[in-house]
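Reading through the structure tokens given below for one structure.
Letters A, B, ... are given to chains in the order of the sequence lines, protein chains preceding strands, and every chain is numbered from 1. Only a predicted model underlies this, so the values are computations on that prediction, with no experimental measurement involved.
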Amino acid sequence: MKPPAFAYYRPETVQEALQLLQKVNDAKILAGGQSLIPMLNMRLARPAAVIDINRLRELTEIQEYPDHLLVGALVRHYQLMESPLVRRFAPVVAEAERHIGHAAIRTRGTIGGSLSHADPAAELPLLATLGDWELHVASATGARVIPAREFFLGYLMTALGADELVTHIRVPKATGVSRFSEFALRAGDFALVSAAVSLNLDAHQKIDHLRLALGGVGETPWREPAIEAHYRGSEASPNLWTVIATEVADLIDPPEDLHASAAYRRQLARALLEKTLAETAADARQTLTKGGPAS
Amino acid sequence: MIPMTLTVNGQSYQLTVEPRWLLADVLREQLHLTGTHLGCEHGVCGACTVLWDGRPVRSCLTLAVTADGANILTIEGLAAEGILHPVQEAFWQEHALQCGFCTPGFILTAVHLLQENPEPTREEIREALAGNLCRCTGYQHIVNAVQRAAAALSDNHGHAPSGQ
Ligand SMILES: Cc1cc2nc3c(=O)[nH]c(=O)nc-3n(C[C@H](O)[C@H](O)[C@H](O)COP(=O)(O)OP(=O)(O)OC[C@H]3O[C@@H](n4cnc5c(N)ncnc54)[C@H](O)[C@@H]3O)c2cc1C
Ligand code: FES
Ligand code: FES
């Protein structure tokens with residue numbers, strides 16, 4: 001099938017795009033098209049208008065600030081994977097990008113599109129939740145900043161208004177060591193479950209910073225700061241990773257579908273979390289002994 | 001209808017397209033380059049893969065208008081002056097196709113892989129080709145062909161004919 005007919009707009013500036021978003025009824029923003037165009041081709045979406053933001057050069061850069069990167073919404077997956085700034089200050093993003101679709105999807109798909117699409121199994125929403133990214137959002141009437149944990153509301157649902165555009169994403173520089181892992185049926189498929197951990201150990205091998213996030217186990221990425229706080233000060237050990245992973249697996253309420261039962265997803269979450277915690281801890285120890293900066 | 005310029009296989013075209021037309025349709029219907037195949041039309045099978053400024057894209061997930069000014073390589077442009085590209089040659093030698101429907105997408109994906117990673121392991125080849133589906137051959141011969149092409153290209157001291 002082919003996309004249904006739509007009115008097509010191609011703004012050259014963010015200002016122009018925002019005015020169109022305010023003025024045009026039933027418009028969809030087109031970024032990389034790797035989620036929107038399949039829906040148009042299958043006629044699951046029939047917007048009256050498409051606003052193509054691919055010419056908004058203002059949104060194509062990754063800029064470095066003292067404590068964060070500011071990533072333009074149109075930065076493509078492959079650029080996140082290859083960017084020296086991302087590799088240095090948010091290496092877990094480059095690590096996870098390898099798992100996003102295939103090279104051909106990564107050529108076009110964008111960070112802004114991936115976050116706005118809000119697939120609960122997608123990698124970037126998970127990392128945004130883990131890393132407390134902030135979405136810079138603009139409309140013709142103003143701008144606001146939405147923390148990632150308030151951005152994802154449900155399955156393919158976000159806090160974005162119909163006239164709002166994600167312009168930039170604030171990615172804090174990593175302060176702990178972060179790792180990511182996922183299980184998918186085939187390379188490049190959406191993950192059944194994914195896990196991400198960020199961790200710091202003090203000189204006595206005690207946890208002084210811990211964050212845990214899971215993807216694919218609910219309508220939005222899962223994170224529970226109360227649990228993270230509970231384990232602050234605990235001594236790092238393989239036994240502790242088992243305890244944490246088991247506690248989290250008991251807490252979540254994963255969905256059931258054609259690809260996996262809820263019980264299987266729970267089991268995957270437990271296994272992936274334990275493995276990722278162990279890997280992160282090994283990296284954190286290495287950082288400690290090297291005395292180098294956390295990366 | 002919107003005017004646009006597209007360079008395909010080294011030749012520049014002035015086109016007028018409807019915004020809803022996919023790049024795949026423009027290649028096939030306007031330019032009669034029917035080597036780009038459409039299988040699933042939702043990004044999953046890889047048959048429609050072409051190279052855009054050297055990087056693979058799904059031509060079924062690209063509106064032609066968004067490719068204004070792009071430099072596209074399709075399977076028709078790969079053999080330089082009638083001499084098969086080493087990846088094409090290797091697919092032939094290794095019997096890596098039967099019906100051939102999936103082949104253009106596999107070959108262009110493999111050309112990009114070998115540019116990025118001239119000596120991939122079998123595992124890396126499988127991962128890079130995971131977004132391309134073949135319903136005939138099984139993947140054994142295809143992976144063999146990519147390995148053979150990698151060897152042939154490195155014998156050429158890595159100077160791959162770019163096809164353009
Ligand atoms: C075969 C295949 C496999 C894939 N596998 C994975 C995978 O494993 N993991 C994964 O995470 N993704 C995967 N994807 C999806 C891919 O990552 C998409 O790139 C991404 O989900 C959407 O980004 P996009 O730029 O293509 O957005 P588009 O498709 O252009 O847009 C998606 C949605 O976001 C909205 N939007 C886009 N940009 C903005 C913006 N700046 N502000 C506000 N709204 C906006 C659009 O209106 C639309 O509703 C896969 C896709 C395919 C086809
Ligand atoms: S036709 Fe484009 S990926 Fe299948
Ligand atoms: S050779 Fe027939 S689909 Fe691959």
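Side chains of D52(A) and L63(B) form no contact here, defined as non-hydrogen atoms less than 4.5 Å apart. Side chains of V57(B) and I105(A) form no contact here, defined as non-hydrogen atoms less than 4.5 Å apart. A 4.5 Å side-chain heavy-atom check between R58(B) and T107(A) finds every atom pair outside the cut-off. In this structure, the side chains of N41(A) and L22(B) come closer than 4.5 Å at one or more pairs of heavy atoms.
Within a 6.0 Å radius of OH in Y155(A), no more than 12 heavy atoms belonging to other residues, nucleotides or ligands are found. Counting heavy-atom neighbours within 6.0 Å of E119(B) CD, excluding the residue itself, gives a total of 12 or less. For R57(A), the CZ atom counts as loosely surrounded, since its 6.0 Å shell holds 12 or fewer non-hydrogen atoms of other residues, nucleotides or ligands.
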Evaluation steps, side chain to side chain contact (heavy atoms under 4.5 Å, CB included), between M42(A) and E41(B): CA-CA 8 Å; M42(A) 294 192 281; E41(B) 297 192 309; over 6 Å; no

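Counting all heavy atoms, side chain and backbone alike, H42(B) lies closest to P38(A) at CB-CB, 3.9 Å. Residues A187(A) and E127(B) share a closest heavy-atom pair of CB-CG, 3.9 Å.
The CG atom of N132(B) sits 8.0 Å away from atom NE2 of H102(A), with the distance rounded to the nearest 0.5 Å. The distance from the CG atom of L40(A) to the CG atom of L61(B) is 10.0 Å, given to the nearest 0.5 Å.
With a 4.5 Å cut-off on non-hydrogen atoms, I2(B) touches chain A through its side chain but not through its backbone. Interface remark: E18(B) contributes no atoms to any contact with chain A (heavy atom separation under 4.5 Å). Contacts between D25(B) and chain A at a heavy-atom distance below 4.5 Å involve the side chain alone, from C-beta outward. Heavy-atom distances place the side chain of D68(B), and not its backbone, under 4.5 Å from chain A. At a 4.5 Å heavy-atom cutoff, R186(A) makes no contact with chain B through either its backbone or its side chain. For V65(B), the parts lying under 4.5 angstrom from a heavy atom of chain A are both the backbone and the side chain. Only the side chain of R55(A) comes within less than 4.5 Å of a heavy atom in chain B; its backbone stays farther off. Within the 4.5 angstrom heavy-atom criterion, only side-chain atoms of L38(B), from C-beta onward, approach chain A. For W52(B), the part lying near chain A is the side chain, with the backbone staying farther off; criterion is any non-hydrogen pair under 4.5 Å.
Top candidate by heavy-atom pairs under 4.5 Å with chain B, chosen from G33(A), A103(A), G188(A), is A103(A).
A cation-pi arrangement, defined by a distance under 6.0 Å to the six-membered ring centre and an angle within 45 degrees of its axis, is present between R55(B) and Y78(A).
Under 4.0 Å is where a charged nitrogen must lie from a carboxylate oxygen, and between E124(B) and R98(A) no such pair does.
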